[in-house]
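Since the structure is predicted, the reported quantities are computational estimates derived from the model, not experimental observations. In what follows, every chain begins at residue 1, and chains take the letters A, B, ... in the order their sequences are listed.
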Amino acid sequence: MERILLVEPNYRNKYPPIGLMKISSYFKSRNDFVEFRKGLMPQKQVESFDKVFITTLFTFDFDICIDTIRYYAEIIGMKNVYVGGIASSIMPENFEKKIPGIQILKGQLTSSKMLGYNDDINIDIMPLDYDILWDIDYEYPAADSYFVYTSRGCPRKCSFCAVKTLEPVFYECKNIKRQIEQVDEQFGPKKQLLIMDNNALNSENLEENINILVDLGFGINNNTIKKNNCMKYYLQSLFKRIEDVKQYTYLLDRIKKEFREIKKTRISNCDRKYIENIQGMISNEDDSTFISFLKENQSYVVEFYEKYHYHKVKRYVDFNQGLDARLFTVERAELLSRIALKPCRIAFDDIKTKEEYFEAMNMALEAGIYHFSNYLLYNFKDKPADLWNRLYLNVDFCEKNPQVKSLFSFPMKYASIEHTDRSYVGKYWNKKFLRSINIILNVTSGVVAREKDFFIRAYGENEDEFISILTMPSDFIRYRDYFEKNGLIDKWKLAYRKLSNECKEELLTMLSESTNEHDLFYEKHDISLDNVLRYYCIQKKKFEKNKSYYVKTLDLHVK
Amino acid sequence: MYSSVGAGILNIVTESLYDKPIVVFREYIQNAADALSNVPDSCDVKELAAHIWIENNNLCFLDNGTGIEEEKFIERMTEIANSSKVKAKNMGYKGIGRLSGMSYCKKLTFINILDYSNNKVQVYTINVEKYNTIQKTDDFIGMTIEELMKKIGEYSSEIDKYMFDFLMQKRDLFTNRNTGFLVILEDISSVLKSTINDDSFIERLSWLLPVPFKEDLLLHDEFGELFASLTKKENDNRLCSIPARGFAIYYQNELLNRPIDVSMFRALVCKNNFGKYAIGVNTFSNHKIEIEKKNNFSGIRIYIDNILLCDENELIPALHNYGLIPHGLYETIQTVKGIGAIIYITDKVNISANARRTFIEITDSNSIEFIELLAEFVNSIYEARYALSKYFNAVKKNDDDLVKIETLKDKALKSLEVLTSDEIVLAEEVKPNSFEEMSKTERQRAVKSKISQIFNEFLKKYMSQTEDYDFDSCFNDFVVWLNANNK
C-alpha cells in the first residue's frame, strides 16, 4: 500500500481540483492511502508519504505553485513529487526552468502508465472523489456540484484559449450517465450539474446526452429533488477514516457544524431534546465521546437528517465553459430547451461575432430558454469601446425581449499565458482602465445585470462616456453616488472635457504608470493637467474627515 | 455708561474667559509689560523688570513701569471692558484681564505706586469672598456692575504694613525708578497652587510670557543673527511691532528666558514669512519629520506681542474647523510635532487675539488670509513628512528606478522648500553605500533591520501558503520552506 498525498497550492479558487479528485479515486481503487491538502503540510506529516501529487491552475499563480512544489520536494525528494494541472501543462518550460528535474504530467492523465503503474487505467475518466474535500478546512464555493464532461477538446483553436494545448484532440466521452450515477451512489445527489465541455455543441451526441440528462432528473419539468442528506455520507467517511487511521479533524468539524446549525423550530419536541443533548455533548465533551455516540446512534442521526432535510430543491444544468454561438441551430436550441438550463451561457468574445451571438440568443429565446449569461473577453485584441458595445447590446436585447428572465454579463479579463502574474495589458487597454473596470465590477460581484438604467449609470450612455468613467478618479468610480451628490464628479468632468486630446492621453499615461493616483498631483506634470489632476488626490475617507477643505480648494481652483 | 450693564458680566469675565489657571500669569504680566513699554526711552531698559513670586499662599506681580495716572486709577479699577490702551501699541486693550485672578484667590489687591520713595500709593481691593456670597443671593439679579463694585471693591490711599513689606522686598527695583504696580492675589486656590507646583510650570511659564531669548542663543555664531533679528523692528513699514520683544521677568528671583537652545535645533533652522501678517522661525529635519521625545521645541507656537497665543493643540483644530486641513486631526497634530516652529504675529492692526486669547479673531479677509497661510504651512509639513519618508525609503531599499528616485527627491525638496525661503539640501547619510563607514553599532542595527525586513516578507509569504500547522514544529516547517525556496 502506498501513501499518496494530493496537494493544491493555497490560492483561492472556486472549483475543487477535479484532476486530484480523479487521481484519488485511482489510488483508492488500488487500496492505497490518500490524503489531500491545500497548501503546505507540516514536515513530519509529509515524511510519512511516498508520493506527492501537486496540481496547478492559473498561470498567474505561478509563484505560489513553485514555492509549494519546492517545499514538498525538499522533504521527500524531487523523484517523489509529480506536478500536473493546467498551468504546468501550458507552460512546462517555466516550471522546469525554476525547478530543474521537476516531473510534470502534461495534459490529461489518460493512462496510469504515466505515473509508472502498469495497470494502464484511464485516470481521466475515473469518478471524482469528493471525500478528499473533507480532508481540508477550505470550502470550495462550487463543491456541491457534479463536474462532468460530455466531450473533451475543442475544434476551434482560438489564440486566447489554452484548450488547444491542454486537450488538443476533440472526442466524445460517452460516459455522462456513469459519471453522475457514481457520484450519486457514493456521495448523494449534488445540486448543480456543471458540464465542463469546452465546446459542447460540437458534440455529435448532443441529443443523446440531452436525453440522458432528462432521464437523470435534469429536464425542464423533472429537476426537483429532495435535498441531499450529507450526514449519511459524512458519517460513512468518518468511520472509514477512523478505521484507516486517517485524520478526520475537518470532517468532524463539518459534522459538528451541521448539528450546531439545526433550526430548532423545524423539529419535533422529541427530537429537540435529543439534539440539545448532542449539542451539549459537542460543547462539553471530548471528541472521542462524541464519536462513540455517533457510532452508537448512526441510524438515528441519519434518519433525523433525512426528516430534517424534507424540503425539495431545484437543480440546474450549466454549460460552465460557455456555448459556441456559431454552432447554434434551431434544432440544437430546442434540444437545450428540454433541460433545466440556467443560465444558458454563450460566449461573446469579440464584437465581430455580434450577429452570430444574437442569432444564437434569438434561437434560444424562441426555443423557450429565458435565463442567460455570457462571457465577454476583454483586454485582448478588443478596444474598451467594444466592451461597452457588447455590454450595451445585451442590455438592449433584454429591453427588446421582455420574456428574458435574467441575463448576466461576465466580462473576463484576458491574461496572457506567457505571463506568470496578472500584469498583462492588451494593445488597446491600459492599467488605469483595467483598474477602473475592476472597481465597477467589484460593486456587482463581477457581473453586469440587465437593467438599462443601472447599466447606463455604471458604464455610461455611450462609448465616450464609458472612456470618461474609466478615466475618473478611482474613488469617484467606487463611490459614484457620494461624489455625484456633492458635485465633484461634475466638476471633474468639466475639467476633463476642457483637456485637449493630447492632454487626455498624457493624463491616461500618468494614471496608468502610477500605482498611487492620489499622489500624482504632487509629481512632475504638465501645468495644463493641474485642473484635473487635483481631483485624483481625493479619497472618500479623507474627504469625509474634512469636506470643506477639498470643496474650498477645488472651488478656488475652478474659479 | 457701564451702569446699564448687569453684574453678571463679571461672572462671564472671570470664569468663562480665564478658565485655565496659567492665564492669570499671562494677564498680569501683559499689563506689566505694557506699563514697562510706556516708560520713556530716556530710561535705561536694563532697570525695567517685572517680578512674580509666591509667598504665604499669596501670588504677587510687581513691575516698575509707569503705573496708572493718579486721577485715572479708581476709574480704571472699577470699569470693565473700557481700556484706554491702543490695540496696535499695547498688549492688553480689552480692559478685562486684571480681573482674571478673581477665580483663583480670596482677595485681589491692586497697588498703584505713585512715588515709591515717599510711600505714595493708591490701593484698590476686591473682596472675592464677598463677591462669591453676593453672587448667590437674589440681590445679585438686577444689580448693575457699578453697584456690585461698590459692594466688593474698596479704595484706599494707604497701605498696611503687610503690603508695605511686600514692596520693601523688591526695593532694588526702585533704585532708579519711582513708579510701578503691584498685584496681590491673596490666599490662592488649590487649583492655581497645583498649577504652580507642577514640575513643568517654569518651563510652561517660559514659553508663555514675553521673555527674551537666552544670551547664548543670541550670541551664537550660526544662529545668533537670525534670533537677534526677531528682537528688532524690521525696516519694513508694514510690520507694526517687534516680533519677539522680551522683558526682564523674574519668577522667584530667577530670570526667565525663552527655553530654546541650539541643542534643540534639527538639521535646518529657517526664517519664513506669513505674508504681511507674521514672521516665523522653524527648525526641521531634512531626513525625517518625526517627534523627538525630549525636545520641547516641537510643534507650532503662535505668539502675539511675544506672548503665547496658542500651540498646535489649538491651532490645528481651529484650522480644521475652518476646512483648511485635508488630513486627520490627530495625525496632523502629531505630524507638526515633528518640527519646531515659532510664529510671531507682527501685523497687530489686522490680526488680533480673540477674547479668550486662544486663537485669533476671524473677522475679515485679512484674518482669513492669515489662517490660510498658517494652513498652508501646516499642510506643507504634512506633505514634507511623507515626501521625505518615501524618498529615503526608496534610497534605503536601493531602488533601481532612478527616475522614480529623482521624482521622489524632487518632491521631497519641493515640499521642504515651502517651509523656508532658504535653499534646502537633503540629508546624505542614509545612502546605502555608507555601510562601510558605519560604526559597529550602526552596522548591527542596519543588518538587523535588513534581516528583519526580509524575514518578515518571507514569513508573510509562508503564512499565505499554509493553513495546516503543527505548533511544536512550526518554526522547523518554516525553515524547511525557506531552505527549499532560497537555494
Legend entry - Contacts of residues 71-86 of chain A with chain B (heavy atom under 4.5 Å): A/Y71, A/E74, A/I75
Show me the donor-acceptor pairs within less than 3.5 Å that the side chains of residues 508-515 of chain A make with the rest of the protein, sequence neighbours left out.
from: A/T509; atom 1: OG1; to: A/E505; atom 2: O; distance (Å): 2.7
from: A/S512; atom 1: OG; to: A/N430; atom 2: OD1; distance (Å): 3.3
from: A/S512; atom 1: OG; to: A/L508; atom 2: O; distance (Å): 2.8
from: A/S514; atom 1: OG; to: A/N516; atom 2: N; distance (Å): 2.9
from: A/S514; atom 1: OG; to: A/N516; atom 2: O; distance (Å): 3.1

Legend entry - Residues of residues 4-12 of chain A within contact distance of chain B, non-hydrogen under 4.5 Å: A/N10, A/R12
Legend entry - When B/V480, B/D468, B/N483, B/L482 are compared by non-hydrogen pairs under 4.5 Å with chain A, the top option: B/D468
Inset, instruction - Give a yes or no on this: more than 12 heavy atoms of other residues, nucleotides or ligands lie within 6.0 Å of atom NZ of A/K256. - result: yes
Legend entry - Euclidean distance, B/Q465 CD relative to A/L40 CG, rounded to 0.5 Å: 5.5 Å
Legend entry - Residues, nucleotides or ligands: over 12 heavy atoms within 6.0 Å of B/Y462 OH: yes
Inset, instruction - Verify the neighbour count for atom NZ of B/K450: are there more than 12 heavy atoms of other residues, nucleotides or ligands below 6.0 Å? - result: no
Legend entry - Residues in side chain to side chain contact (heavy atoms under 4.5 Å, CB included) contact with B/S464, at least two apart in sequence or another chain: none
Legend entry - A/Q43 backbone acceptor or donor facing B/D477 side chain under 3.5 Å: yes
Inset, instruction - For B/D470 and A/Q45, test the side chains for any donor-to-acceptor distance below 3.5 angstrom and give the result as yes or no. - result: no
Inset, instruction - Against chain A, label B/Y469 side chain, backbone, both or neither, depending on which of its atoms sit under 4.5 Å from a heavy atom there. - result: backbone
